[in-house]
Amino acid sequence: MDFKLHHTDTKTNARAGEITTDHGTILTPIFMPVGTVASVKAVHIQELKNDINAQIILGNTYHLYLRPGLDILEKAGGLHKFNGWDRPILTDSGGFQVFSLSAIRKLKEEGAEFRSHIDGSKHFFTPENVVDIQRIIGADITMAFDECPPGDSDYNYAKKSLELTQRWLDRGLKRFNETEGKYGYRQTFFPIVQGCVYPDLRRRAAEYIAEKGCDGNAIGGLAVGEPTDKMYEMIEVVNEILPTDKPRYLMGVGTPANILEAIERGVDMFDCVMPTRNGRNGMLFTKNGIMNMRNKKWADDFSPIEIDGASEVDRLYSKAYLRHLFVSNELLALQIASIHNLAFYVWLTQEARHHILAGDFAEWKRVMVQRVSTRL
RNA sequence: GGGCGGUUACCAGAGUGGCCAAAUGGGGCAGACUGUAAAUCUGCUGGUUUUUACCUUCGGAGGUUCGAAUCCUUCACCGCCCA
């Protein structure tokens, strides 16, 4: 994987760049749709390519390991072959599931013991076997196995957790360097900065990771319950230290405003379930603000979903029609909302890129943060 | 003409003397959702009130009772059966 920095904004830390993988290039800043179980929910590949302009999607190690399972993925020849997506894929390591499935897992020095949320069976993830699994899945970008502590963790827990994540990083990186991809194309490995909301821990984490010299670096453990201002502060602290010539990936974030603030602070890559999950729950993000499509006020609004929206569905369907679909529990509602939201998110990051290159990012961003946060 | 059953909030439907402004489901109105255990979850849904509380309500009218959606009388309407 290569990264070329095209331009750094003069007034802010925003950057425009280009990631090259064996499955194609990615223009940054970029939003990456989440496809946890080998599928971006309610959206198929033609739509991802043509309507959404997705350049890279995510998969999840924990979920794919449980279903369809490694034997199937290996027989398929990797995830790209299995789901038909021939552009880049990034897999999360399962570190987030250590956090979100905390009720059914046990943390140990060696790794994390899980119970499957599907059938209750016991499984053990280590920094090493998570690398092995991601080799079998065959993602272009693989992630280190980390612990993602809750946003309200106290300092002592955060410190202990970070030190575990760092030991796990060394073990994972060692395994990654000792092994090779199974399908003939290159894979890369991103470490993850942790440290909760404590600047000194974040700094220490970023320094530790910067020394590893990986192709890209991730910031994790944010947007997990801490105040938004803390999140922005942590991004600033970390990005002062992370190498500028490597892409920076802010994991799991966030709202359109969150993404714009993070781009301003030098982040290049984003993923979040919000456009798809909230979309399925009736929330639409647009460049003029947020709409709850179940609200009655749309019932007789026959104007297009978004007249100048990023996707064709915005003009094909009216607000009244989409509301009707949601209220009637029609599956088409989930499809339209997911396509719309993902297209908007990808558009937002690519539009940010254009403004970085044009030199007016700061002004554009200030206006956009207001607009996208409005409740319509 | 006779017999039986029924009429409860927006809809369906429980409740058969006080714990009933009335279960439950649907519908309606709003909110939440950030590396997806999520086409999910939460709240409200007679009126006034922050709560307590009070007022109005269970087809209509009248009655019994300390007290009625619940018991009695009667009227209206609906359904089924017999003529």
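Below, chain A is the first sequence line, B the second, and so on; all start at residue 1.
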Using the [atom1] atom as the point on both nucleotides, what is the distance between [M] and [N], in whole Å?
N      : M      : atom1 : result
B/rC66 : B/rG60 : P     : 25 Å
B/rA61 : B/rA69 : P     : 13 Å
B/rC41 : B/rC77 : C1'   : 44 Å
B/rA9  : B/rG13 : C1'   : 12 Å
B/rG43 : B/rA53 : C1'   : 23 Å
B/rU24 : B/rU8  : C1'   : 14 Å
B/rC80 : B/rU64 : P     : 38 Å
B/rU70 : B/rG15 : C1'   : 8 Å

- Message: Heavy atoms within less than 4.0 Å of RNA chain B: which residues of residues 136-166 of chain A have one? Give them sorted by number.
- Response: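 A/D146, A/C148 - these, ordered by number, are the residues of the stretch whose heavy atoms sit under 4.0 Å from the strand.
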
Integer-rounded Å distance: [N] [atom2] and [X] [atom1]:
X      : N      : atom1 : atom2 : value
A/Y345 : B/rC33 : OH    : C1'   : 11 Å
A/M32  : B/rU34 : CE    : P     : 17 Å
A/M283 : B/rA30 : CE    : P     : 13 Å
A/L222 : B/rU34 : CG    : P     : 14 Å
A/L342 : B/rU34 : CG    : P     : 16 Å
A/N278 : B/rG31 : CG    : C1'   : 12 Å
A/F326 : B/rG31 : CZ    : C1'   : 15 Å
A/H324 : B/rG27 : NE2   : C1'   : 15 Å

- Message: Need to verify one output field. Residue with the more 5' nearest nucleotide on RNA chain B, A/S93 or A/K297?
- Response: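 It is A/K297 whose nearest nucleotide is closer to the 5' end.
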
Applying a 3.5 Å limit to both distances, which nucleotide forms a Watson-Crick or G-U wobble pair with [N]?
N      : result
B/rC80 : B/rG3
B/rA23 : none
B/rU73 : B/rA61
B/rU48 : B/rA53
B/rA32 : B/rU40

Using a heavy-atom cut-off of under 4.0 Å over every strand shown, decide if [X] touches base, sugar-phosphate, or nothing.
X      : answer
A/V37  : nothing
A/R105 : nothing
A/T276 : base
A/L58  : sugar-phosphate
A/Q194 : base
A/G94  : nothing
A/N60  : sugar-phosphate

- Under 3.5 Å, is there a donor-acceptor pair linking the side chains of A/H354 and A/Q350?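 Judged by distance alone, the side chains do not pair up.
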
- Query: What's the spacing between A/D308 CG and A/N288 CG if we round to 0.5 Å?
  - Reply: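 Going from the CG atom of A/D308 to the CG atom of A/N288 covers 7.0 Å.
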
- Query: What string of B, S and - do you get for nucleotides 37-42 of chain B 5' to 3' if you count protein non-hydrogen atoms under 4.0 Å?
  - Reply: BBBB--

- For the side chain of A/R175 and the backbone of A/N129, is there at least one donor-acceptor N/O pair under 3.5 Å apart?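 Checking the backbone N and O of A/N129 against the side chain of A/R175, no donor-acceptor pair under 3.5 Å is found.
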
- Is it possible for you to check whether A/R135 lies under 6.0 Å from the centre of the six-membered ring of A/F176, through NZ or CZ, and within 45° of that ring's axis?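 Yes, A/R135 and A/F176 form such a contact.
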
- Query: With a cut-off of under 6.0 Å to the ring centre and 45° to the axis, is A/K212 in cation-pi contact with A/Y208?
  - Reply: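 Yes, A/K212 lies over the aromatic ring of A/Y208.
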
- Query: Between A/T21, A/I57, A/I141, which is the residue that forms a side chain to side chain contact (heavy atoms under 4.5 Å, CB included) with A/I89?
  - Reply: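 The side chain to side chain contact (heavy atoms under 4.5 Å, CB included) with A/I89 is passed solely by A/I57 among A/T21, A/I57, A/I141.
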
- Among A/L58, A/N60, A/D92, which one satisfies side chain to side chain contact (heavy atoms under 4.5 Å, CB included) with A/M143?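 Per the side chain to side chain contact (heavy atoms under 4.5 Å, CB included) rule, the option paired with A/M143 is A/D92, out of A/L58, A/N60, A/D92.
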
- Message: Testing the basics here: between A/R353 and A/P29, what is the closest heavy-atom pair and its distance to 0.1 Å?
- Response: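 Reported closest heavy-atom pair: CB-CD, 3.8 Å.
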
- Message: Assess the residue pair A/N258 and A/Y232 against the criterion (side-chain hydrogen bond (donor to acceptor under 3.5 Å, both in side chains)); give the C-alpha distance rounded to whole Å, side-chain angles, the decisive distance to 0.1 Å, and a yes or no.
- Response: CA-CA 8 Å; A/N258 289 159; A/Y232 296 150; 3.0 Å; yes

- Is the shortest side-chain N to carboxylate O distance from A/K49 to A/D86 below 4.0 Å?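 Answer for the salt bridge query: yes.
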
- Query: Relative to each other, are the rings of A/F125 and A/F114 parallel, tilted or perpendicular (30° and 60° limits)?
  - Reply: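 Because their plane-to-plane angle is over 60°, the rings of A/F125 and A/F114 count as perpendicular.
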
- Applying side-chain hydrogen bond (donor to acceptor under 3.5 Å, both in side chains), run through A/H340 and A/Y317 and close with a yes or a no. CA-CA 11 Å; A/H340 163 87; A/Y317 304 108; over 6 Å; no

